[in-house]
Amino acid sequence: MARKSISRKAKSARRGRRLARPHRARKPDAIGTLVAADAQALALPMDPSWHAGVTFNLQLLLKHAALIDQFSLTDDAEPAPVFRA
Amino acid sequence: MLETTAFDFAWKTAGEIAAAFAAGRISAPSIVDATFARIRARDPLINSFTAVTEERAHLRARTLDEARARGEPIAPLAGVPFAVKNLFDVAGLPTLAGSKINRDAPPAGRDATLIARLEAAGAILVGALNMGEYAYDFTGENLHDGPARNPHDLQRMAGGSSSGSAAAVAGGLVPLALGSDTNGSIRVPASLCGLFGLKPTYGRLSRAHTFPFAASFDHVGPLTRSARDLAIAYDAMQGYDPDDPVCADRTVEPVTPLLDRGIDGLRIAVAGGYFKCRTAESVYAIDRVAAALGVNRDIDIPEAERARSAAYIITASEGGSLHLGRLRTRARDFDPAVRDRLIAGAMLPASLVTKAQKFRRWYQREVLKLFAEVDAILAPATPCPAPLLGQQKFMLGDVEMPVRANLGIYTQPISFIGLPAVAVPVPLSPLPIGVQIITAPWREDVGLRIAHALESQGIVAAQRPPIREH
């Protein structure tokens, strides 16, 4: 059975196009340098053999984060978890 | 009274076992004996249990029989054996959470709230179950305990992180298990093992005395072989718990009495866009369920891909923060695949995580608007049936993806904002696959009614896998 769309797809797609701006390219070793510095700053022991795996995962996380970074939010946007006194 | 051999425990539902016990047709000790005999025979193949609680179960069984003999009221789960993912505290056992590190922790001093509630409803705890390390996993593979194996094909993944919970129920060892679901860890293994699974609304069921993962996503819930069993267990576990700061102070809203109301009047749509199926199995499953429900429209969940990304990074950050101390002192005792992801999560800039949390609120507001138009949304639970153990990549359409991170691509945008979802199993040969029934917050009743209606029509069902015993 063909299903009829009642989607907000068009609106979403327009937003995506409006927000998709090219990101400044990082130097290839930038994340690796960040991993080494962060490990030191956070007092995390890093066996040299772990470096590639951590770097890969941080690159992946930053790729996901870039998708969020491209999304336009107003200055008064509240984070989801709200503290209540 | 029936001999246990005449009562096929292995594939009876929790409701059927409770009814047989209540009617005096079987004794609780005979149920417990048969359960442990089955665990001994089958679990060497499935590897779902990490601990059994035989002495406790036998004691509990005798108490239940004595209470029945005295004519006391019989609780809804009386005599039903169950087991829990090993991140639930079980008095006297260390709470492993799938790790090597927690083996050094002292035994838990008390049971998790949900164990106490199931026992108050007459159920009998028989053990703790295998899981992915610290719940950061969709595969069910575990470096320390070995993988829980999929009972439909022992060479395949059970799915994670509630791998043992799914494998034990699908393998006929217990009719009911508890799991946790941060990004899909109930719904993914339910899909791969062909079971019913309920991830309730965030804050509905108490997580007190369970080992956390990503606090703002952590949920707990049941896996079973029938929709009615989900409802019975869910009803027994509902209720406010001051020991879990997230647990909502809501009146208990029993669902079991509503199951037979059917689906007349419910507005249901299929999730399009990001959720559009790209494997033959998931297309078949969604089409079969949608056709049975008479669904004739699609609906777009806006920005679902971005929601998945936001869930991905907030999870990594919360997980990295949770384990920071252990990463400093015991990093070598983690599964390297888990360790590397947690370290990376700990290194994420807070500015990006905060932005993801702001996006989360925006997304929640937009998605909740959809429930003015529909009562339930159908979406695939996993992109594919169970991959092979050790498999690193799978194809989604023409895109090759890593298995470990992507089995939850359809579950993450849902748990991200705490929506309730029931995973229902669509029987397929050789392997089943699941569909999510997603509803508005606090409307687990709608999802469970739809699941029950589909099961009554024979559209969804937990198929019995052929298992040779030792």
Side-chain angles (χ1 to χ4, degrees), chain A residues 1-16 19-20 31-32 34-47 49-84, chain B residues 215-216 269-270 272-273 287 290-291 294-303 305-306 308-314 316-317 324 327-329 331-332 336-337 339-349 352-364 366 369-370 373-374 405 416-417:
Chain A
M1 190 190 312
R3 293 190 292 265
K4 188 178 134 198
S5 177
I6 55 165
S7 77
R8 291 176 166 79
K9 193 186 271 180
K11 194 175 157 192
S12 248
R14 279 200 301 278
R15 178 186 283 274
L19 299 171
I31 309 299
L34 181 65
V35 165
D38 267 351
Q40 212 166 15
L42 293 169
L44 284 166
M46 279 278 289
D47 187 294
S49 65
W50 307 346
H51 192 269
V54 175
T55 302
F56 168 82
N57 278 289
L58 188 55
Q59 273 170 335
L60 187 60
L61 285 168
L62 291 172
K63 197 173 136 194
H64 283 291
L67 205 58
I68 311 305
D69 204 16
Q70 289 163 16
F71 191 79
S72 176
L73 287 162
T74 56
D75 284 340
D76 60 355
E78 281 288 338
V82 175
F83 174 77
R84 287 193 178 85
Chain B
S216 73
V270 172
D287 284 352
V295 175
N296 58 10
R297 55 182 179 170
D298 288 357
I299 195 164
D300 194 49
I301 297 180
E303 298 290 351
E305 184 179 3
R306 229 182 284 269
R308 193 263 173 151
S309 288
Y312 197 92
I313 67 170
I314 298 170
S317 175
L324 196 55
L327 291 168
R328 287 188 180 123
T329 57
R332 290 179 193 283
R339 179 197 62 216
D340 291 355
R341 296 171 85 192
L342 288 172
I343 292 176
M347 291 176 172
L348 258 179
L352 297 174
V353 179
T354 303
K355 186 144 192 196
Q357 290 286 22
K358 290 181 177 179
F359 169 78
R360 190 179 193 179
R361 180 168 296 282
W362 178 91
Y363 174 73
Q364 181 196 32
E366 293 303 307
K369 288 177 190 167
L370 302 179
E373 299 172 37
V374 295
F416 182 47
I417 50 170

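The analysis underlying the following values was restricted to heavy atoms, covering all of them including side chains, and did not include hydrogens, waters or symmetry mates. The sequence lines fix the lettering, A, B, ..., with proteins before strands; numbering per chain opens at 1.
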Original post:
Under a 4.5 Å heavy-atom cutoff, which of A:D38, A:L42, A:L61 has the most pairs with chain B?
Top reply: A:L61

Subject >> Validation row: A:L34, B:M347 side chains within 4.5 angstrom (heavy atoms) >> reply: no

Original post:
Taking all atoms of both residues into account, what is the closest heavy-atom pair of B:R360 and A:A80, and its distance?
Top reply: CD-CB, 3.4 Å

**OP:** Give, as side chain, backbone, both or neither, the part of B:L324 having an atom under 4.5 angstrom from any heavy atom of chain A.
**Re:** both

Subject >> Contacting moiety of A:A39, where chain B heavy atoms sit under 4.5 Å >> reply: both

Original post:
Where the side chain of B:R341 meets the backbone of A:N57, is there a donor-acceptor pair that is under 3.5 Å apart?
Top reply: no

Subject >> Listed partners of B:K355 passing salt bridge (Lys or Arg N to Asp or Glu O under 4.0 Å), at least two apart >> reply: A:D69

**OP:** Quick one: which of A:G53, A:A52, A:S49, A:A41 has the most heavy-atom pairs under 4.5 Å with chain B, could you say?
**Re:** A:G53

Original post:
Looking at CZ of B:R339 and CH2 of A:W50, how far apart are the two atoms once the value is rounded to the nearest 0.5 Å?
Top reply: 4.5 Å

Original post:
What is the distance from atom OG1 of A:T55 to atom CG of B:D340, rounded to the nearest 0.5 Å?
Top reply: 9.0 Å

Original post:
What's the shortest heavy-atom distance between A:H64 and B:I313, and which atoms?
Top reply: CB-CG2, 3.7 Å

Subject >> CG on A:L67 to CG on B:L352, rounded to 0.5 Å >> reply: 12.0 Å

Subject >> CD/B:Q364: more than 12 non-hydrogen atoms of other groups inside 6.0 Å >> reply: yes

**OP:** Over all heavy atoms of both residues, which pair between B:R361 and A:P79 is shortest? Give the atoms and the distance, please.
**Re:** NE-O, 3.1 Å

Subject >> Top of A:I68, A:T74, A:L58 for chain B proximity - count of heavy-atom pairs under 4.5 angstrom >> reply: A:I68

Original post:
Using non-hydrogen atoms only, which part of A:L73 is less than 4.5 Å away from chain B: side chain, backbone, both, or neither?
Top reply: side chain

Subject >> Max heavy-atom pair count under 4.5 Å with chain A, selected residue of B:A331, B:S216, B:A344, B:S309 >> reply: B:S309

